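Letters A, B, ... are given to chains in the order of the sequence lines, protein chains preceding strands, and every chain is numbered from 1. Here the structure is a predicted model, which means the values were calculated and not measured.
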Protein chains: 2
Amino acid sequence: MAARPHSANGMAEQILDAAEKRVQVLGFNGFSYADVAGELGVTTATIHYYFPGKTDLGVRLIERYSERFFAALAEIESNAGDLCERLRAYTEIYERVLASERLCLCGMLASEYETLAEPMRELLSDFFRRNEEWLSSLLDQGRAAGGFDFEGDTNGTAIAIVGALEGAMLVARAHGGMKSFRAATSLMLMNVFRPPGK
Amino acid sequence: MAARPHSANGMAEQILDAAEKRVQVLGFNGFSYADVAGELGVTTATIHYYFPGKTDLGVRLIERYSERFFAALAEIESNAGDLCERLRAYTEIYERVLASERLCLCGMLASEYETLAEPMRELLSDFFRRNEEWLSSLLDQGRAAGGFDFEGDTNGTAIAIVGALEGAMLVARAHGGMKSFRAATSLMLMNVFRPPGK
DNA sequence: GTCTATAGGCAGATAGAC
DNA sequence: GTCTATCTGCCTATAGAC
């Protein structure tokens, strides 16, 4: 691989890393360019060079987070595990985020939805829609294979799972911690997996 | 009831009403004294007269919301309905909030938890703890009576229900709307109510 | 109780030197 | 690419007149 052209290489990624952490902890309206600049040892003008407006930064944050998130879902699919293990792996993505003392980037942004510019709103909606689609597909397969025993339509169940995990993270931080998050995931998994006839 | 002493009577409540709406839509960091003052036709100095600091206002908002919320739970208990109807009524509290194009005040504040002063954090934790307790009691009764068929401990199930409802509201606003919220509640209710042997 | 006036700080953003 | 310097605007908060 050829050497990168500039010494500044990676600055955009460093900015995204620092901003991402702040959004996941403090929210999009809870951090400033000065915060990020301070951590990186640059001035706010440098941040504006890479991301002219805060919405530009926000858009890239959602895009990058989504890319990684759905890459992780593709990773789950490429692994051999059965459908139960895949759903369990899905919940573990959220659990790892919470363990790092952050919340889901898109969950945080969803709470600020009404204050966000349109480009960010659209990407946020896409994130949840793609989660819903991925889970719906998994649930359909599980139902066809006989391993899952949930009731109701798969789309509704899928979006309910996303909401349950996002909400479990939210509540866990204010009350109950990781223990209450795990209670929520295991309850959800038991309900989906409960063997027919039980 | 005697006449109120001042023409200004009710100003504190009007401030709380206007601020509450803003927190439920925009978040605690998403509104300003100027917003509230503008709606009420007064200046920001008037708001500061009743609530010297924004944290004072936030504390009263949580206290008042909690009083009303737990009064609604007491109302549910005083009505004759069976345990299934009570749990259903619990979810309808959240549904009415979402129908008014707001989110739960405490859910919104939970997303901003790390930016809040300590007095607000404590009251927030109390809100979720009291919800957990109320639901735990309901679940214990339902289990003893044989009407509920969930697995796992009641406290974990209780906090999972709170998280599922909070998260369902959050996600519904960014994607799916009321339809996806209802899917989440009916899934949750079916799981708790599923008759043994099914 | 509510106002005018204003302080003091921090936000996002820009121009232009280097 | 990154800086210095600065702008404009909004924020929370306060002093003091009425």
Q: Are OP1 or OP2 of D:dT2 and a side-chain N or O of A:T43 less than 4.0 angstrom apart?
A: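 So the side chain of A:T43 is outside the cut-off, no N or O lying under 4.0 Å from OP1 or OP2 of D:dT2.
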
Q: Taking atom types as modelled and ignoring hydrogens, do the side chains of B:N29 and B:T115 form a donor-acceptor contact shorter than 3.5 angstrom?
A: yes

Q: Counting any heavy atom closer than 4.0 Å, what does A:G30 reach on the DNA or RNA strands: base, sugar-phosphate only, or nothing?
A: nothing

Q: Given B:W134 and B:Y90, is the ring-ring contact (aromatic ring centres under 6.0 Å, His included) satisfied, shown in steps?
A: CA-CA 10 Å; B:W134 190 87; B:Y90 180 83; 5.6 Å; yes

Q: Classify the ring geometry between A:F127 and A:Y65 as parallel (under 30°), tilted (30 to 60°) or perpendicular (over 60°).
A: tilted

Q: For a quick test of reading the model: is some side-chain N or O of A:Y49 closer than 4.0 Å to OP1 or OP2 of C:dA13?
A: no

Q: Within the 4.0 Å limit for protein heavy atoms, which parts of nucleotides 11-18 of chain D are touched? Write it as a string from 5' to 3', B for base, S for sugar-phosphate only, - for none.
A: SSBB----

Q: Which whole-number value in Å describes the distance from A:I47 CD1 to D:dG1 C1'?
A: 12 Å

Q: Can you tell me the distance, in whole Å, between the CG atom of A:L40 and the P atom of D:dG1?
A: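 Checked: the CG to P distance equals 16 Å.
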
Q: For the aromatic rings, using the six-membered ring if either is Trp, is the centroid distance between B:F69 and B:Y94 under 6.0 Å?
A: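 Yes, they do, as the ring centres are separated by less than 6.0 Å.
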
Q: Given atom CG of A:D56 and atom C1' of C:dG12, what is their separation to the nearest angstrom?
A: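 The answer, rounded to whole Å, is 12 Å.
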
Q: Stepwise, does the salt bridge (Lys or Arg N to Asp or Glu O under 4.0 Å) test hold for B:E77 with B:R86?
A: CA-CA 7 Å; B:E77 282 179 317; B:R86 289 184 187 183; 5.3 Å; no

